[in-house]
Amino acid sequence: MTSNRLMELDRKIFGTYPPFWLHDPSNPLKNILDILSPITIWAYGSLAILMGVIWTIGFICDGRILYRMTFAFSLVILFAAPIWYIFPAISPQQAYVDNILDAEIPKPIAPVIASFYPNHATKTALEYYRQLWANNTNAYLAVTTMPSMHIAWALLIVYYGSLLLRPLMIVLIPHFAFNTLGTIYLLQHYAIDILAGIIIGWLAIVICECVIQRVKTPRYITVADEFRQKDIEILRQSLMSFSRDIQKLKKK
C-alpha cells in the first residue's frame, strides 16, 4: 500500500511518524499544539475562502497578476496529476485511524497509532472530514494525498497575494504556516506530501513567471483587463454618487 511507503519515508526523513507524533502524549510540544489547535484547524479549513478572497482582490486590483496566478494554479494541477496516478495514497486518517481499506497495519506503525491521543477539537475536525469523505461520491479524490494541494495552492496564494498587496503578507504568511501544520496535524497528509507540495508550487511559480516574461500577454487577456478596469471605475463612480446622494438627504 502506497500509504505505508509514505509513512516509512516520513520515518526515514524525520525519524518518526509526524501525523501521529504530533498527538503523542510523550511529545513535549503536544500541550502547545493542543492550545493552537483551533487556529490550526481554522487555517486548514479556510484555504478555499482565502483563495476566493485573493482571486477577488486580483480581479479588482490587477488583472494581469490574476492571469499569472490562474496560469500557475493550472500548472500545479498538471504537475500533480501524474504523481497522484503513480502514488495513489489515502490520508493517514483514512489509512490508519479509520482503516477504510480494512488492511493489516504494519507492526512498526501499530504502536504509534495506539498512542494517538487527539484533543476534543481535533476529534471533532476528524469526524467532520470522516463524514465529508463518506458523503463524497467522487471517491477517486481520496487517493490524491501525495503531493499536498493544500500546500501548493497556499504557496501560490502567498506569492501572488504579496504581489497584489504587500500588506497581505501579515495575514498570508501566518496562514501558510498554520495551514502547513494543519495538513499533518489533522492527519490529512504525510509530512513528505508537504515537501512535494512546496516543490511543485515553486516549480509552477518559476515556470509561470519565466513564460509570462518571454511571451506576450494574449490579446483576450488585455481586452478583458480593459473591460475590468472600466467596470470597476463605473462601480466606483456609482458608489461615490450614491454616497453624495445620501449626504444630501441627511442635510435635508
Side-chain angles (χ1 to χ4, degrees), residues 1-14 17-19 43-45 47-48 50-52 54-55 58 65-103 106 109 129 132-161 176 179-215 218 221:
M1 187 168 66
T2 305
S3 298
N4 290 339
R5 284 183 283 175
L6 294 179
M7 280 282 278
E8 187 59 25
L9 274 175
D10 273 6
R11 187 192 65 78
K12 289 181 178 179
I13 295 174
F14 302 99
Y17 301 106
Y44 181 81
L47 179 61
L50 186 60
M51 288 168 59
I54 297 301
W55 245 288
I65 292 180
L66 179 65
Y67 164 62
R68 289 154 57 185
M69 182 168 60
T70 303
F71 184 24
F73 267 82
S74 300
L75 286 177
V76 162
I77 297 175
L78 183 64
F79 295 153
I83 303 177
W84 291 334
Y85 181 80
I86 297 172
F87 300 101
I90 57 178
S91 70
Q93 177 186 1
Q94 292 175 316
Y96 304 107
V97 177
D98 299 339
N99 195 8
I100 63 173
L101 299 180
D102 197 24
I109 301 176
Y129 290 114
L132 184 66
W133 285 116
N135 298 326
N136 192 341
T137 56
N138 297 317
Y140 67 90
L141 290 175
V143 296
T144 57
T145 302
M146 168 69 171
S148 170
M149 290 294 95
H150 253 74
I151 299 304
W153 287 338
L155 187 61
L156 299 187
I157 288 299
V158 171
Y159 179 78
Y160 289 105
F176 179 81
N179 174 65
T180 301
L181 174 62
T183 58
I184 307 176
Y185 186 78
L186 293 174
L187 278 72
Q188 301 306 303
H189 286 280
Y190 305 90
I192 191 68
D193 299 344
I194 310 306
L195 298 178
I198 291 174
I199 290 173
I200 68 170
W202 274 118
L203 185 61
I205 291 173
V206 171
I207 293 178
C208 176
E209 296 304 301
C210 288
V211 170
I212 294 298
Q213 290 178 9
R214 298 184 181 183
V215 177
I221 295 296

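All residue numbers in this chain count up from 1 along the given sequence. The figures that follow rest on heavy atoms only: side chains count, while hydrogens, waters and symmetry mates do not. Computed from a predicted model, the values in this text were never measured in an experiment.
Of the possible donor and acceptor atoms, none in the side chain of Y190 sits under 3.5 Å from a partner among the backbone N and O of P18. In this structure, S148 contributes its side chain and D193 its backbone to no donor-acceptor pair below 3.5 Å. Looking only at distances, no side-chain donor or acceptor of Q93 sits under 3.5 Å from a matching main-chain atom of S91.
Between L75 atom CG and L156 atom CG the span is 9.0 Å, to the nearest 0.5 Å. If you take CG on L6 and CD1 on I90, they are separated by 10.5 Å, rounding to the nearest 0.5 Å. In this structure, CG in L203 is found 11.0 Å from CG in L155, a value given to the nearest 0.5 Å. In this structure, CD1 in I157 is found 5.5 Å from CG in L50, a value given to the nearest 0.5 Å. Summarising the geometry, atom CZ belonging to F87 is positioned 13.0 Å from atom OG1 belonging to T145; distances are rounded to the nearest 0.5 Å. With values rounded to the nearest 0.5 angstrom, L181 atom CG is found 8.0 Å from L186 atom CG.
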Please step through side-chain contact (heavy atoms from CB on, under 4.5 Å) for the pair Y96 and N4, ending with a clear verdict.
CA-CA 10 Å; Y96 304 107; N4 290 339; 2.6 Å; yes
Would you please test Y44 and Y129 for ring-ring contact (aromatic ring centres under 6.0 Å, His included) and show each step?
CA-CA 12 Å; Y44 181 81; Y129 290 114; 5.7 Å; yes
Determine, stepwise, if the pair I77 / W153 fulfils side-chain contact (heavy atoms from CB on, under 4.5 Å).
CA-CA 10 Å; I77 297 175; W153 287 338; 4.3 Å; yes
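Across every non-hydrogen atom of A154 and N179, the tightest pair is CB-ND2, 3.6 Å. Of all heavy-atom pairs between A196 and M146, the closest is CB-CE, 3.7 Å.
Using bins of under 30°, 30° to 60° and over 60° for the plane-to-plane angle, the ring pair H150/H189 lands in the tilted bin.
Salt bridge present: R11 and E8 bring a charged side-chain N and a carboxylate O closer than 4.0 Å.
By the side-chain contact (heavy atoms from CB on, under 4.5 Å) test, A80 is found to be paired with W84, P147, M149, I200, residues two or more places apart in sequence or in another chain being considered.
Counting only heavy atoms from C-beta outward, the side chains of M69 and L66 approach each other to under 4.5 Å.
No option in Y159, F79, W55, Y160 other than W55 meets the ring pair (Phe, Tyr, Trp, His ring centres under 6.0 Å) test with F73.
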